[in-house]
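A short worksheet on the structure shown next.
Hydrogens, waters and symmetry mates play no part in the numbers below; they use all other heavy atoms, side chains included.
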Amino acid sequence: MTKNIKYYYSLFLLAVLSMITVSCENEDVQPSIIEEELSAITQRLMDSTSLVSNVFWDSTFMVAPGVEETDIHYLSMKGLSMRMFVFKVDLKEDGVELNALMPYGSKAYGMQAIPEMMTYMEVPGKKVVGAVNADFFNTSTGVPRGIVVLDGEVIKSSALLASFFGVDKNGKPVIGLSEDFEQYKEELQFGLGAGDILVKDYDLAPISSTDIHPRTGVGLTDNQEVYFIVVDGRDFDYSNGLALSELAEIFKALGVKDATNIDGGGSSTFVTLHSLSDVFHVRNKPSDGSPRAVANGWAILVNEN
């Protein structure tokens, strides 16, 4: 009888210890609120928006001189997990420029995933260090819905979208309305279509849509700085997406003069050249499970040496 009691008591202790171990392991994998100083971008979001409740993790690093990446994992005021990826591109930095990406490096319409498009980008003396997706498009044909300007040549001037983003022949970033494209086309070096204006002359633009999706957007400052933002969504445990008004609030907090929405949903893609090897690293988690084949994108280039 005594042996049986000892036996069952041993089993009980083992079960308790197992439950404690599992509990500790589960606690270890839970995100914890960071205590150290926040990155500059995260601090702005905390100070100037009503979107962020707590920050679990954030990091800023230099991709190349003039190009910074900030990754943020935060808890929204709605109690939802969020993941955001930000490029800050300083076009005043020597050698830093933006270039439109097209499938297979051609001027023809088609569809290709952004990391693959990046491998076809060949500019003498330059290397691609980052990229995001760009225009909305016909998913059957790959025809972009907005304007297309490549190397100063107008490929497509008609648009089914509200706006466009581009860089002029002096390398200055531009956001304009599609209806005003005729005023810009002679000066543009590269231009691709975009959707709803989010910020205009430092003020939030009126936005009717309240849909929540993964998002990609672009904003520019008076100081020739460009912000590309990707926010993941459609995955409750990982990241839950944003309404356009929330994306606009983020851009306004970053001090941009103008900002516009570009293709989101499963198209949202954020890619960086890996710091330790010559490979392109998809930093976000596209909601399709892998980078979607899209119509075009924006590449960030720097001097090769």
Is any side-chain heavy atom of [X] less than 4.5 Å from a side-chain heavy atom of [Y]?
{"X": "Val226", "Y": "Leu91", "result": "yes"}
{"X": "Met117", "Y": "Tyr104", "result": "no"}
{"X": "Met111", "Y": "Phe137", "result": "yes"}
{"X": "Leu192", "Y": "Val148", "result": "yes"}
{"X": "Val89", "Y": "Glu225", "result": "no"}
{"X": "Thr269", "Y": "Val294", "result": "no"}
{"X": "Asp258", "Y": "Val199", "result": "no"}
{"X": "Val67", "Y": "Lys88", "result": "no"}

Could [X] and [Y] be called an ion pair, given the rule that one side-chain N must be under 4.0 Å from one carboxylate O?
{"X": "Glu246", "Y": "Arg215", "value": "no"}
{"X": "Lys126", "Y": "Glu97", "value": "yes"}
{"X": "Arg145", "Y": "Asp135", "value": "no"}
{"X": "Lys172", "Y": "Glu187", "value": "no"}

Locate the shortest heavy-atom distance separating [X] from [Y]; write the atom from each residue and the value.
{"X": "Leu150", "Y": "Ala100", "value": "CD2-CB, 3.7 Å"}
{"X": "Gly266", "Y": "Pro286", "value": "O-CB, 4.4 Å"}
{"X": "Ser287", "Y": "Arg234", "value": "OG-NH1, 3.7 Å"}
{"X": "Gly195", "Y": "Ala162", "value": "O-CB, 3.5 Å"}
{"X": "Val302", "Y": "Ala64", "value": "CG1-CB, 3.9 Å"}
{"X": "Ala299", "Y": "Ala131", "value": "CA-CB, 4.1 Å"}

Between [X] and [Y] (side chain of the first, backbone of the second, donor and acceptor by atom type, cut-off under 3.5 Å), is there such a pair?
{"X": "Ser178", "Y": "Leu161", "value": "yes"}
{"X": "Ser48", "Y": "Leu45", "value": "no"}
{"X": "Lys156", "Y": "Gly146", "value": "yes"}
{"X": "Lys92", "Y": "Asn223", "value": "yes"}
{"X": "Asp180", "Y": "Gln183", "value": "no"}

Could you state the interatomic distance from [atom1] ([X]) to [atom2] ([Y]), rounded to the nearest 0.5 Å?
{"X": "Phe190", "Y": "Lys169", "atom1": "CZ", "atom2": "NZ", "value": "11.0 Å"}
{"X": "Thr119", "Y": "Glu116", "atom1": "OG1", "atom2": "CD", "value": "7.0 Å"}
{"X": "Ser157", "Y": "Ile147", "atom1": "OG", "atom2": "CD1", "value": "9.0 Å"}
{"X": "Asn240", "Y": "Leu80", "atom1": "CG", "atom2": "CG", "value": "4.5 Å"}
{"X": "Asp196", "Y": "Leu244", "atom1": "CG", "atom2": "CG", "value": "5.5 Å"}
{"X": "Glu69", "Y": "Phe87", "atom1": "CD", "atom2": "CZ", "value": "5.5 Å"}

Q: Output, in order, the C-alpha distance, side-chain angles, deciding distance and verdict of side-chain contact (heavy atoms from CB on, under 4.5 Å) for Lys185 and Val154.
A: CA-CA 7 Å; Lys185 68 178 186 179; Val154 177; 4.0 Å; yes
We want to know whether [X] and [Y] form a side-chain donor-acceptor pair, criterion being a heavy-atom distance below 3.5 angstrom.
{"X": "Thr272", "Y": "Arg283", "value": "no"}
{"X": "Ser268", "Y": "Thr216", "value": "yes"}
{"X": "Ser163", "Y": "Thr260", "value": "yes"}
{"X": "Tyr74", "Y": "Asn54", "value": "no"}
{"X": "Glu249", "Y": "Ser50", "value": "yes"}

Taking [Y] as the starting point, is it possible to reach [X] by hopping between hydrophobic residues whose side chains are less than 4.5 Å apart?
{"X": "Leu188", "Y": "Ile175", "answer": "no"}
{"X": "Phe165", "Y": "Val149", "answer": "no"}
{"X": "Ile207", "Y": "Leu51", "answer": "yes"}
{"X": "Ile229", "Y": "Phe136", "answer": "no"}
{"X": "Trp298", "Y": "Tyr120", "answer": "no"}

Q: List the steps and the verdict of side chain to side chain donor-acceptor pair (under 3.5 Å) for Ser39 and Asp58.
A: CA-CA 7 Å; Ser39 69; Asp58 82 337; 2.8 Å; yes
Near [X] [atom1], under 6.0 Å, is it more than 12 heavy atoms from other residues, nucleotides or ligands?
{"X": "Asp211", "atom1": "CG", "value": "yes"}
{"X": "Glu122", "atom1": "CD", "value": "no"}
{"X": "Asp201", "atom1": "CG", "value": "yes"}

Q: Take Glu68 and Val86 through the test side-chain contact (heavy atoms from CB on, under 4.5 Å) and record every step on the way to the result.
A: CA-CA 8 Å; Glu68 292 179 356; Val86 183; over 6 Å; no
Q: Any chance you could lay out the ring pair (Phe, Tyr, Trp, His ring centres under 6.0 Å) test for Phe181 and Phe164, step after step, and finish with the verdict?
A: CA-CA 8 Å; Phe181 176 65; Phe164 65 88; 5.8 Å; yes
Q) Does NZ or CZ of Lys285 come closer than 6.0 Å to the centre of the six-membered ring of Tyr238, within 45° of the ring's axis? A)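 Ring-cation test returns yes.
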Q) What is the ring orientation for His274 with His281, classed by angle as parallel under 30°, tilted 30 to 60°, or perpendicular over 60°? A)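 Tilted.
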(Q) Parallel, tilted or perpendicular: which one describes the rings of Phe85 and Phe270, with boundaries at 30° and 60°? (A)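 Correct class here is tilted.
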Q | Derivation and outcome, side chain to side chain donor-acceptor pair (under 3.5 Å), residues Asn133 and Asp263 | A | CA-CA 7 Å; Asn133 64 293; Asp263 193 15; 4.8 Å; no
Q: Give the intermediate values and the outcome of side-chain contact (heavy atoms from CB on, under 4.5 Å) for residues Val123 and Asn99.
A: CA-CA 9 Å; Val123 178; Asn99 201 314; 3.7 Å; yes
Q. Looking at Val52, Val231, Asn284, which one forms a side-chain contact (heavy atoms from CB on, under 4.5 Å) with Met84?
A.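 For Met84, the side-chain contact (heavy atoms from CB on, under 4.5 Å) check succeeds only for Val231.
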Q.
Walk me through whether Ile41 and Leu254 qualify under side-chain contact (heavy atoms from CB on, under 4.5 Å).
A. CA-CA 7 Å; Ile41 286 177; Leu254 297 181; 3.9 Å; yes
